[in-house]
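Structure record follows, encoded as structure tokens.
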Amino acid sequence: IIIGKKSFFGTKIKSFNATKASTIGDEAFYNCSELSSFNLGGNNTLDAIGTGAFTNCVKLESIVLPGTVKSIGAGAFKNTGLKTFSFTNEKLIIEYGMLEGCQSIEELDLAYLPGGYVGYIFGCNDMENLSLSIPKSLKEITISGAMEALSSHAFAGCTGLKTVNLPNGIKVIGDHAFYDCKSLVDVNLGDSIEAIGEYAFAYTSIGAITIPESMAVISEGTFKGCTSLASVTTHEGLLEVSKDAFFGCESLTSIDLYNTIIIGDNAFAESGLIKIEIPTDILTLGEAILADCNSIEEITVPLYDVSYIEEYFSSLYEYSPIPDTLTKININKAVGIQSGAFAGCYSVEEIVLCEGIITVGSAFDSCHELRKLILPKTLESFEPSSTYYCTKLYEICNQSETVEILAGVGAGQNSLYVSTSIEGCAPTVVIDGYTFSKYNDSWYFTNWENEIIELSLPNEFTYSYISS
């Protein structure tokens, strides 16, 4: 049976039995606003559904298509009341805008993704404004057929989408694939993923992600604006974290970078990182990778290609202050520490310099809160004025046998404790108002009132009291 073009156009028909139909022509049920039931049960002959066949059937909430359907025309179900839509034929040809204006649709179960992106089904080819056409009611999408790649913008703009079920075997997720899926909270990438495109998950609500071991690069902006992303599991084969990859991930407090050798501009800017370690073998380090990370407390970073701590927080063209939450800096690779290297580190309380550092310039002038400084065995030169303005510095752990650090090198310190080993770094007693000095291998100690104060020092030290 062929249901011809405009056969029931604009009628008040409420139900229709099409179990023996082979073709439904263009606009066959166009403007049938009362049609709520369309029965295709047992139909094994339906071949084609024409353009606009059910347009404006606003009460039609469901339809089950037989696997024999080979083509569906443009706008076939435009402005209907469909809540679900499914098809199983991987060879089915679906034309543009099949579900345009279906504002009640909640679930799609598809053998493949027509046109390569959801917006195609809903009649939108403006990649910048897909969310204006894709219904916010759409909560779940299942793709059942085999596929190796998700196209660019595949699910972009599906702002109400919460669940995506994808087949195993996907190797590539295209650029912007899930862009602006604001309600998407969970995605299982599978073990076969080799590449994720730029901004693929940007501005989604995913809370955790595991980077597959088959993937070596996190592309530009992949998770930008994912404010709920709190857990990222990486692996030792991860080589690159590109520009803006985790920009604005304000719930992300930590990430393991293992052997990463490339980090792009603003990679972690405006994130919630509390602690981070940049690998020593980094080859390319972008600008301002930690800009506006206002929860950061501790960083472990190289000062090798980068000369100043500020470079981790600011770019050449845009200044971003070092957050006042940063209290500890560990330098894990450097040869020399330049003058001004710690400029702007106003709140840092502890600095640890790694082995391999030979020289230290006047580096700590800005470190007004510096209390503890650990120097390596390899140190050969230390600028005497380096800690001049560190008025709260009370503990220097000098492991160098070449450089002698005199107590009191930071003018204005109330008390300063100098040791030669990490184990002896923590003073048992710190008393403001007292001064240590060293002369001919002896320690001298006095206070303003000429009182003798008993202190606990490492066994290898002696001290003498000298009256004024």
Side-chain angles (χ1 to χ4, degrees), residues 113 116-118 127-128 130 147-158 161 164 166 169-182 184 186-252 254-273 276 278-279 281-291 293 315:
L113 191 57
Y117 67 105
V118 173
M127 299 303 174
E128 300 296 324
L130 290 169
M147 59 191 309
E148 290 190 352
L150 274 182
S151 301
S152 171
H153 295 85
F155 300 98
C158 296
L161 187 64
V164 177
L166 299 174
I170 294 179
K171 295 181 179 179
V172 178
I173 294 177
D175 296 348
H176 299 84
F178 295 91
Y179 187 90
D180 204 28
C181 291
K182 300 181 186 297
L184 186 63
D186 185 34
V187 174
N188 184 359
L189 296 181
D191 296 330
S192 58
I193 294 291
E194 297 176 0
I196 297 177
E198 296 181 357
Y199 300 93
F201 293 96
Y203 303 105
T204 64
S205 294
I206 56 175
I209 200 79
T210 296
I211 306 301
E213 293 189 2
S214 53
M215 199 176 92
V217 176
I218 298 177
S219 300
E220 179 178 330
T222 298
F223 301 102
K224 183 176 182 178
C226 294
T227 57
S228 298
L229 183 60
S231 173
V232 177
T233 303
T234 58
H235 55 87
E236 294 183 3
L238 181 64
L239 299 179
E240 179 176 351
V241 178
S242 302
K243 176 183 176 181
D244 291 341
F246 294 96
F247 189 106
C249 294
E250 59 188 39
S251 297
L252 184 65
S254 65
I255 187 171
D256 291 325
L257 295 176
Y258 294 107
N259 303 312
T260 302
I261 58 176
I262 299 173
I263 300 177
D265 296 348
N266 296 109
F268 303 99
E270 298 186 23
S271 70
L273 287 176
I276 191 170
I278 306 300
D281 293 331
I282 196 82
L283 297 180
T284 302
L285 187 65
E287 295 184 340
I289 66 169
L290 299 175
C293 289
S315 69

Under 3.5 Å, side chain of [X] to main-chain N/O of [Y], donor-acceptor pair present?
X	Y	result
Asp180	Gly157	no
Ser242	Ile218	yes
His235	Tyr258	no

Quick one: does [X]'s side chain get under 4.5 Å of [Y]'s, heavy atoms only?
X	Y	result
Val217	Leu239	no
Tyr117	Met127	yes
His153	Leu130	yes
Ile209	Thr233	no
Val241	Ile262	no
Asp281	Asn259	no
Leu257	Phe268	yes

message: Before you tell me yes or no, could you show the steps for Ile261 and Thr284 under side chain to side chain contact (heavy atoms under 4.5 Å, CB included), namely the whole-Å CA-CA distance, both residues' side-chain angles and the distance that decides it to 0.1 Å?
response: CA-CA 6 Å; Ile261 58 176; Thr284 302; over 6 Å; no
Atom [atom1] in [X], atom [atom2] in [Y]: separation rounded to 0.5 Å?
X	Y	atom1	atom2	value
Ser254	Leu273	OG	CG	7.5 Å
Ser315	Ile289	OG	CD1	13.0 Å
Ile263	Leu283	CD1	CG	10.5 Å
Thr210	Met215	OG1	CE	10.5 Å
Lys224	Lys243	NZ	NZ	8.0 Å
Cys226	Phe246	SG	CZ	9.0 Å

message: What verdict does the side chain to side chain contact (heavy atoms under 4.5 Å, CB included) test give for Asp244 and Asp265, after you've listed the backbone C-alpha separation in whole Å, the side-chain angles of each residue and the deciding distance to 0.1 Å?
response: CA-CA 6 Å; Asp244 291 341; Asp265 296 348; 5.8 Å; no
To check you understand the geometry: which heavy-atom pair defines the closest contact between [X] and [Y], and what is its length?
X	Y	value
Val232	Ile211	CG1-CG1, 4.3 Å
Thr227	Ser251	O-OG, 2.5 Å
Asp175	Gly197	OD1-CA, 3.1 Å
Glu198	Ser219	N-CB, 3.9 Å
Leu229	Cys249	CD2-SG, 4.2 Å
Ser214	Ser192	OG-C, 3.9 Å

Matching residue for Phe155 among Thr204, Val187, Leu150 - test: side chain to side chain contact (heavy atoms under 4.5 Å, CB included):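 The option that passes is Leu150.
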message: Between Phe178 and Ile206, does the side chain to side chain contact (heavy atoms under 4.5 Å, CB included) criterion hold? Intermediate values first, please.
response: CA-CA 11 Å; Phe178 295 91; Ile206 56 175; over 6 Å; no
query: Under 30°, 30 to 60°, or over 60°: which ring-plane class applies to Tyr199 and Tyr179, parallel, tilted or perpendicular?
result: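 The rings of Tyr199 and Tyr179 stand perpendicular, inter-plane angle above 60°.
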